[in-house]
Structures are given as structure tokens and as C-alpha cells.
Amino acid sequence: MDGTRDGVRLRGLPAGLVMACHPGPAVAVTLLMTALAASAGQDGRGCLLVGAAVLSGQLSVGWCNDAVDARRDRAADRYGKPVVSGAVGATTVWAASLVALVLSVPLSLACGALAGGVHLLGIGAAWAYNLGLKATALSWLPYAVGFAALPAFVALGLPGSPWPAWWVVVSGALLGVGAHLGNVLPDIRSDLVTGVRGWPQRLGPARTRLLMPLPLVAASALLVLGGPGHRGPVGWAALSVAALTAVAGAALGRHRTEAPFAASVAVAGIDVALLVWRGAALT
């Protein structure tokens with residue numbers, strides 16, 4: 001009987017680890033940054049390195065988040081979380097997060113010392129969020145730094161390590177703030193019960209939901225209006241779709257708690273598409 005239980009546990013371990021890494025956002029961010037690297041002029045090897053570095057960083061952050069939050073998740077009865085459901089142990093998730101973090105260092109630096117340093121700064125900001133900043137009024141800052149670091153990482157990894165355009169970095173930071181609001185919104189009430197008082201928790205659900213579209217739309221507007229070049233109907237259409245998506249996500253958030261974060265991911269996709277459309281505007 002014990003051997004059977006152990007076999008079931010072993011078969012469930014990979015699935016538990018996959019779910020604990022926040023697979024949706026991890027895969028989305030990895031694919032978007034790899035596409036951005038390709039559009040910016042990276043060769044096949046460079047794109048693979050960017051994808052591997054971003055994925056390892058995202059895995060480390062996702063696993064760290066679930067490991068740190070395991071006690072709060074149990075207190076809030078979040079049985080959808082793999083650690084809370086027993087699909088995987090917190091110690092295993094911690095070990096996986098550290099392995100991914102270690103791997104992210106050489107993979108990031110392989111893209112160039114400056115580019116790698118910027119990417120590791122973004123990963124460090126995300127870890128700082130998990131380890132305590134999420135419960136402070138500065139909870140938005142790690143998201144802003146982390147999202148701004150991603151396009152900067154891609155740009156600095158190009159031949160000659162060119163600096164990214166300022167408006168690209170600012171739009172990334174704004175997108176990060178919007179993603180933070182959308183991500184936290186469904187859990188605000190349970191977070192308050194477990195003592196987490198970050199910026200969205202202090203604003204409250206209603207104000208957070210109404211505020212979320214503003215940084216998202218501002219990020220898209222910067223990508224359309226920033227820098228030189230003809231905007232054309234494509235840019236204005238993309239900006240309109242991004243604005244409608246952000247507003248719709250906030251409106252649907254009254255009844256579907258996952259809608260705001262889904263909207264922020266969709267707007268991120270639109271923003272990367274805008275960068276691809278504008279070609280060399282990344283630097």
C-alpha cells in the first residue's frame with residue numbers, strides 16, 4: 001500500500017512542480033521576449049539564449065513565490081495551489097526555485113555582461129517582492145523594475161550592446177505596474193486576512209480595479225507615440241484594442257476575478273506586437 005502511494009506521489013510531482021511555477025505567465029513572458037529578440041535582430045543562438053535565460057528566471061520567481069506563500073495560502077484555504085493541495089512539498093519547490101535561479105546566472109550572462117546584469121537585476125527585484133516587498137506600499141516597484149528590465153535585456157544583448165530607447169523602458173515599467181494590480185486584485189481580501197498590505201491591498205478592490213487600465217493604456221500609448229517614425233492606422237488600431245482590452249478586463253473583474261490579469265497579459269502581447277511592428281525602435 002505504501003509503495004502505491006509513493007508511486008502516485010512521484011507521478012504527481014512533475015505536475016505539481018509545473019503548476020507551482022505559474023506556468024501561464026512564465027510561458028507567455030518567455031515567448032514574448034523570444035519573439036522580441038528575433039524582431040530586434042538576434043540570430044537563432046541569441047534567441048535561444050534569451051528564451052532560456054528568461055524561462056529560468058521566470059521559473060525561479062514562480063517557484064519562490066509559491067514556496068514563500070505556502071503558509072499564507074493554507075491560511076486562506078487556497079487549495080488550488082499545488083503546495084496546499086499536497087501535490088508537491090514546499091521544500092521541493094524551494095529547491096527547484098534555487099536551481100532555476102542558479103541556472104539563470106550563466107544563461108543571462110551568456111547574452112552579454114551588461115544585458116545579463118540587467119536581467120538578473122529584474123530577477124532580483126522579483127525575488128525581493130516574494131521575500132517581503134509584496135507586503136509594503138512599495139509592492140509595485142519590483143514589478144516596474146522587472147518588466148522594464150526585460151526589453152532592456154533584449155536590447156543590450158544585441159551586437160554593440162545598444163541602450164534601449166527610454167520610452168521602451170518606461171512602457172515596460174508601466175506595464176509591470178498594471179500587471180501587478182491585475183495579478184493581486186483577486187486575492188486582496190484574503191491577503192488582508194493573512195497580513196499582506198501591499199499597494200493594491202491598501203487601495204482596496206474597487207480602486208485597484210478602476211486604476212488598473214491606466215498604466216496599461218499609458219504603456220501602449222508610449223509604444224505608439226514614442227520615438228520617431230510614422231504611426232499609421234496599425235499603431236492607432238493596436239492602441240485602441242489595448243485600451244478596450246484593459247478597460248474590459250477591469251469591468252469584467254467585478255464578476256470574474258481572473259479577468260484583470262488576463263487583460264494585462266493580453267495587453268503585454270499587444271505591446272510586444274507593437275515593438276515588433278516598429279522594428280529597430282527598441283534601441
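The CG atom of Leu141 sits 10.0 Å away from the NE2 atom of His180 when rounded to the nearest 0.5 Å. Taking CZ from Arg202 and CD1 from Ile188, the interatomic distance works out to 12.5 Å, rounded to the nearest 0.5 Å. Residue Gln42 holds its CD atom at 7.0 Å from SG of Cys111, rounded to the nearest 0.5 Å. The CG atom of Leu48 lies 11.0 Å from the CG atom of Leu107; values are rounded to the nearest 0.5 Å. To the nearest 0.5 Å, the span separating OG on Ser240 from CD1 on Ile270 amounts to 10.0 Å.
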Candidate pair Ser220 and Val217, rule side-chain contact (heavy atoms from CB on, under 4.5 Å), full reasoning: CA-CA 5 Å; Ser220 300; Val217 174; 5.7 Å; no
Working for side-chain hydrogen bond (donor to acceptor under 3.5 Å, both in side chains), residues Ser60 and Trp127: CA-CA 9 Å; Ser60 78; Trp127 271 71; 3.3 Å; yes
side-chain contact (heavy atoms from CB on, under 4.5 Å) between Trp63 and Leu98, worked out: CA-CA 9 Å; Trp63 279 325; Leu98 292 172; over 6 Å; no
Derivation and outcome, side-chain contact (heavy atoms from CB on, under 4.5 Å), residues Leu216 and Leu174: CA-CA 6 Å; Leu216 294 177; Leu174 288 168; over 6 Å; no
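Annotation for Ala259 and Gly249: closest pair CB-O, 3.8 Å, computed over non-hydrogen atoms. For the residue pair Leu158 and Gly41, the shortest heavy atom distance occurs at CD2-C, 4.2 Å. When every heavy atom of Met19 is checked against every heavy atom of Pro82, the shortest pair comes out as CB-CG, 3.4 Å. Residues Ala53 and Phe153 share a closest heavy-atom pair of CB-CZ, 4.0 Å. For Ala246 against Ala263, the heavy-atom pair with the smallest separation is CA-CB, 4.5 Å. For the residue pair Ser104 and Gly57, the shortest heavy atom distance occurs at CB-N, 4.0 Å.
Between the Thr34 side chain and the Thr30 main chain, a donor and an acceptor come within less than 3.5 Å of each other. A side-chain donor-acceptor contact under 3.5 Å links Arg207 to the backbone of Leu203. Panel note: side chain Arg74, backbone Val84; no donor-acceptor pair is recorded below 3.5 Å. Side chain of Thr208 to main chain of Pro205: no donor-acceptor pair is present (N/O by atom type, distance under 3.5 Å, no hydrogens or angles). Although no hydrogens or angles enter the test, the distance criterion places a donor-acceptor pair under 3.5 Å between the side chain of Thr194 and the main chain of Ser190.
Under a hydrophobic clustering in which Ile, Leu, Val, Met, Phe, Trp and Tyr are joined whenever their side-chain heavy atoms come within less than 4.5 Å, directly or via other members, Val168 and Leu225 fall into the same cluster. Cluster membership check: Trp236 shares its hydrophobic cluster with Val234, using side-chain heavy-atom separations under 4.5 Å among Ile, Leu, Val, Met, Phe, Trp and Tyr. Under the 4.5 Å side-chain heavy-atom criterion for grouping Ile, Leu, Val, Met, Phe, Trp and Tyr, Val154 is connected to Val29 within one hydrophobic cluster. There is a path of hydrophobic side-chain contacts, each under 4.5 Å, that joins Leu192 to Leu133. Cluster membership for Val105 and Leu114, using ILVMFWY side-chain heavy atoms within less than 4.5 angstrom, is not shared.
By the 4.5 Å heavy-atom criterion applied to side chains, Met33 and Leu36 are counted as neighbours. Inter-residue side-chain proximity for His22 and Asn65 is flagged as met; some heavy-atom pair is nearer than 4.5 Å. Leu181 has its side chain out of reach of Trp140: every pair of non-hydrogen atoms, C-beta onward, lies at least 4.5 Å apart. Between Leu59 and Ser56, every side-chain heavy-atom pair lies at or beyond the 4.5 Å cut-off. Contact check for Leu211 versus Trp199: side-chain heavy atoms found under the 4.5 Å cut-off. In this structure, Pro200 and Leu185 have side chains that are not in contact, with every pair of non-hydrogen atoms separated by 4.5 Å or more. Side-chain contact between His119 and Val54 is present, with at least one heavy-atom pair separated by less than 4.5 Å. In this structure, the side chains of Ile123 and Gln58 stay at 4.5 Å or more apart for every pair of heavy atoms.
Atom CZ of Arg189 has 12 or fewer heavy atoms from other residues, nucleotides or ligands within 6.0 Å.
With respect to the salt-bridge test (charged N to carboxylate O, under 4.0 angstrom), the residues Lys134 and Asp69 qualify.
For the side-chain contact (heavy atoms from CB on, under 4.5 Å) with Cys64, the lone residue among Asp66, Val68, Val61 that qualifies is Val68. Each of Asp271, Val169, Val177, Leu175 was compared with Phe147 under the side-chain contact (heavy atoms from CB on, under 4.5 Å) criterion, and only Leu175 meets it.
Note: Tyr143 and Tyr129 have perpendicular aromatic rings, judged against thresholds of 30 and 60 degrees for the angle between ring planes.
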